[in-house]
*Asks:* 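Let me give you the structure first, and then I'll get to my questions.
Whatever order the structure lists them in is the order used to number ligands and atoms, beginning at 1.
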Amino acid sequence: MAVERQPNELPQVLVLSPPAIFTSLESQFSIRFHMLKPWDSKLPLLQFLTSYAQSVPAMLVVPGDRLLVNSAILDCLPSLKLVVTTSAGVDHLDVAELRRRRVAIAYAGNLFSQDVADMAVGLLIDVLRNVSAGDRFVRQGLWPTQGDFPLALKLSGKQIGIVGLGKIGTEVAKRLEGFGCKISYNSRTKKPTLPYPFYSDLHELAANCEALIICCGLTAETRHMIDRDVMVALGRDGVIVNIGRGAIVDETELVRRLIQGELGGAGLDVFENEPEVPKELFNLDNVVLSPHVAVLTTESMVGLTQLALGNLEAFFSNKPLVSPYVD
Ligand SMILES: O=CC(=O)O
């Protein structure tokens with residue numbers, strides 16, 4: 001007969017902040033692990049960690065609240081050996097510091113790539129074909145009174161530049177090929193197995209494309225990589241779709257150019273200071289705004305729960321992680 005374990009006999013896992021996306025699935029975690037929840041305590045985070053988390057070997061991190069897993073937090077967790085983040089991006093983790101302390105990292109890996117790529121293509125179609133703007137036009141009752149709706153732009157055959165041809169970028173490319181688009185890309189390295197033209201120079205890529213889709217991760221090198229010069233190279237009719245991280249684009253410059261009509265449009269799922277979105281964008285019909293939801297589908301959240309559980313279970317049974325993060 002199976003012996004039922006009391007919660008305090010279960011392996012301890014620290015959950016750094018309230019995981020909204022897990023609320024309905026939390027029961028699956030709490031039958032396997034003793035979840036330590038700092039937000040249930042009145043103590044400030046660091047004091048809670050020092051008081052209760054000294055022996056915690058594993059931590060689950062759900063990004064999204066500007067919390068950075070840095071030395072100050074890690075100093076309170078001397079027994080930590082594993083961080084499981086529920087995201088594909090790891091810019092909320094001080095990866096170098098975790099490596100230095102020999103703390104392993106598991107992440108969402110390829111889990112969200114299809115959903116994010118679908119969203120990137122959706123945003124591009126929306127910007128070019130005015131889907132959201134047309135929806136507003138109809139809902140506001142303007143059709144009968146104002147008549148014609150402005151002409152849209154065609155997607156088929158467009159020259160599309162993908163910035164970051166990793167797992168997500170490759171999925172975006174596959175989808176856009178289906179629309180007859182001509183794909184080229186900029187990435188840290190040339191991908192010899194893929195047929196698309198590679199531009200080692202981002203400006204050259206921008207100058208040869210009608211839209212850029214930002215698919216790379218945020219690092220010190222990619223912060224504000226899409227700057228004034230890249231936008232100038234892309235041209236007044238160019239479109240930028242960003243499903244990576246807001247800070248990859250110089251947002252002030254982007255907003256200025258959109259307002260001045262020096263850029264054709266933008267589809268943005270991510271912003272520099274989420275959840276703050278520059279209000280100047282709200283009245284622009286050539287801009288489509290989305291609240292950082294490209295990864296969020298019912299299906300991906302089920303997969304994510306299984307993946308996070310799988311990584312924690314592998315760790316506690318000394319097996320290889322299911323989705324280790326490799327720089
Ligand atoms: O943005 C979402 C993620 O990085 O998973």
*Asks:* Using the six-membered ring wherever Trp is involved, compare the ring planes of Y325 and Y107 and label them parallel, tilted or perpendicular (cut-offs 30° and 60°).
*Replies:* perpendicular
*Asks:* Please verify the inter-ring angle class for Y196 with Y185; under 30° counts as parallel, over 60° as perpendicular, anything in between as tilted.
*Replies:* perpendicular
*Asks:* Do side-chain atoms of N273 reach the backbone of E276 as a donor and acceptor pair under 3.5 angstrom?
*Replies:* no
*Asks:* The test is side-chain hydrogen bond (donor to acceptor under 3.5 Å, both in side chains); show your working for D135 and S132 and say whether it passes.
*Replies:* CA-CA 5 Å; D135 178 81; S132 295; over 6 Å; no
*Asks:* Does a donor on one side chain sit under 3.5 Å from an acceptor on the other, for N311 and S323?
*Replies:* yes
*Asks:* Can you tell me which residues line ligand 1 if we count any heavy atom under 4.0 angstrom from one of its atoms, in chain and number order?
*Replies:* S87, A88, G89, F112, R245, H292, V295
*Asks:* Starting at CG of L321, measure out to CD1 of I105 and round the result to the nearest 0.5 Å.
*Replies:* 10.5 Å
